[in-house]
Amino acid sequence: MPEPLLQLTNVTRSFGGIRALNDVSCDIPKGRVVGIIGPNGAGKTTIFNVITGAYQASAGDVYFEGQQITSLLPYQIARTGIARTFQNIRLFAGMTVWEHLLVAQPHTDATWRRLLPTRWADPAAREKAEKALVTFGLENVRDRIAQSLPYGIQRKVEMARALTAGPKLLLLDEPVAGMNHDEAHELRLLLIELCKDGLTILLIEHDMTFVMNLCHYLYVLDFGQMIAKGDPASVRTNPAVLDAYLGGED
Ligand SMILES: Nc1ncnc2c1ncn2[C@@H]1O[C@H](COP(=O)(O)OP(=O)(O)OP(=O)(O)O)[C@@H](O)[C@H]1O
Ligand SMILES: [Mg+2]
């Protein structure tokens with residue numbers, strides 16, 4: 001096994017009486033694509049929020065490259081090399097695709113307006129933006145307002161923006177939601193390439209074909225508990241997992 005890049009140890013996060021995460025532990029090895037699956041409300045997005053510092057863990061710890069990052073602020077965690085996308089796409093109103101790629105991380109409107117003019121002239125930022133543009137095949141929509149584009153392309157803009165931060169770990173929350181079959185296939189190949197180039201990817205996804213064909217390893221959450229883990233083949237036939245999903249359809 002490659003060394004773990006990210007580790008969660010006994011993480012619990014409560015919201016009032018609800019334990020969105022209950023004693024969750026997992027290891028994300030370097031250079032792998034790891035998936036988190038589970039029914040709606042299982043706690044998947046909450047894991048991302050705890051990792052990125054958007055929410056504090058109520059108990060337990062998060063380690064990145066062996067360093068405890070549990071109590072760091074979101075911007076400090078981003079600086080360690082963790083970038084994310086959002087389940088509900090968060091793009092900036094009125095900004096073109098190209099402008100999104102010059103702003104490496106999400107900021108408030110006031111902040112990016114101050115940042116943009118300097119980054120505009122910064123050759124390193126432009127080079128990173130250009131690379132992300134080409135990687136995600138967004139050259140043709142470079143000067144379009146990002147929010148005016150089809151949903152699948154907006155998702156690509158979000159991923160490209162996350163990549164311009166140069167992360168070691170990329171967290172993707174439902175990356176193929178809103179994508180058609182061809183787009184999802186293309187994205188799968190692209191993520192495999194990024195992973196070969198050294199990126200570690202942790203993704204949440206409901207599209208089982210996508211997950212099973214892409215991930216080296218899976219964790220399964222249900223009602224805040226990690227109920228199963230393993231390679232896709234073993235998880236697919238795990239009785240607890242089948243129960244969780246069938247139970248959800250009742
Ligand atoms: N900020 C919050 N305040 C209160 N409850 C929350 C908050 N965030 C999440 N929860 C609750 O925590 C539980 C897990 O939510 P979470 O969004 O992590 O689920 P999920 O697995 O991502 O679901 P989905 O597949 O629908 O996106 C849910 O019961 C949700 O209502
Ligand atoms: Mg979610």
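Order of appearance sets the numbers: ligands from 1, and atoms from 1 within every ligand. Keep in mind that the numbers below use all heavy atoms, side chains included, and drop hydrogens, waters and symmetry copies.
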Could you please spell out the steps behind the salt bridge (charged side-chain N to carboxylate O under 4.0 Å, His left out) verdict for Arg142 and Glu130?
-> CA-CA 10 Å; Arg142 176 194 157 113; Glu130 190 67 45; 3.5 Å; yes
Derivation of the salt bridge (charged side-chain N to carboxylate O under 4.0 Å, His left out) call for Lys156 and Glu186 | CA-CA 11 Å; Lys156 287 193 200 173; Glu186 223 177 81; 3.4 Å; yes
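The protein non-hydrogen atom at the shortest distance from atom 16 (P) of ligand 1 is Thr46 OG1, 3.6 Å. In terms of protein heavy-atom proximity, atom 6 (C) of ligand 1 is nearest to Phe15 CD1, 3.4 Å. Among all non-hydrogen protein atoms, the one lying nearest atom 17 (O) of ligand 1 is Thr45 CB, 3.8 Å. Lys44 NZ, 2.7 Å is the protein heavy atom nearest to atom 25 (O) of ligand 1. At the shortest separation from atom 26 (O) of ligand 1 among protein heavy atoms lies Asn40 ND2, 2.9 Å. Closest protein heavy atom to atom 1 (N) of ligand 1: Tyr55 OH, 2.9 Å. Nearest non-hydrogen protein atom to atom 12 (O) of ligand 1 is Ala20 CB, 3.3 Å. Protein heavy atom at the shortest distance from atom 27 (O) of ligand 1 is Gln87 NE2, 2.7 Å.
Across every non-hydrogen atom of Val157 and Leu91, the tightest pair is CG1-CD2, 3.9 Å.
A side-chain donor from one of Thr70 and Asp61 sits under 3.5 Å from a side-chain acceptor of the other. Side-chain N/O atoms of Thr85 and Asp173 include no donor and acceptor closer than 3.5 Å.
Counting heavy-atom neighbours within 6.0 Å of His185 NE2, excluding the residue itself, gives a total of 12 or less.
Put simply, Thr46 stays out of reach of the Mg ion (ligand 2), with no N, O or S atom under 2.8 Å from it. With 2.8 Å as the limit, Thr45 counts as an N, O or S neighbour of the Mg ion (ligand 2).
Set against the non-hydrogen atoms of His206, the atoms of ligand 1 under 4.0 Å away are 25 (O). The atoms of ligand 1 that sit less than 4.0 Å from any heavy atom of Glu174 are 25 (O), 27 (O). Atoms of ligand 1 lying under 4.0 Å from at least one heavy atom of Ala42, given by number and element, are 19 (O), 20 (P), 21 (O).
Not one N or O of Ile18 is nearer than 3.5 Å to an N or O of ligand 1, by distance alone.
Between Tyr55 and Phe15, the ring centre distance stays below 6.0 Å.
Note that NE2 of His100 and CG of Leu102 are 11.0 Å apart. Values are rounded to the nearest 0.5 Å. In this structure, CG on Asn88 lies 9.5 Å from CD on Glu158, to the nearest 0.5 angstrom.
At least one heavy atom of Gly41 sits under 4.0 Å from some atom of ligand 1. Heavy atoms of Arg13 stay at 4.0 angstrom or farther from ligand 1.
Using a 4.5 Å heavy-atom cutoff, the side chains of Gln67 and Thr80 are not in contact. Two residues are said to be in side-chain contact when any heavy atoms from C-beta on lie closer than 4.5 Å; Val235 and Ile37 meet this criterion.
Protein heavy atoms are found less than 4.0 angstrom from atom 10 (N) of ligand 1.
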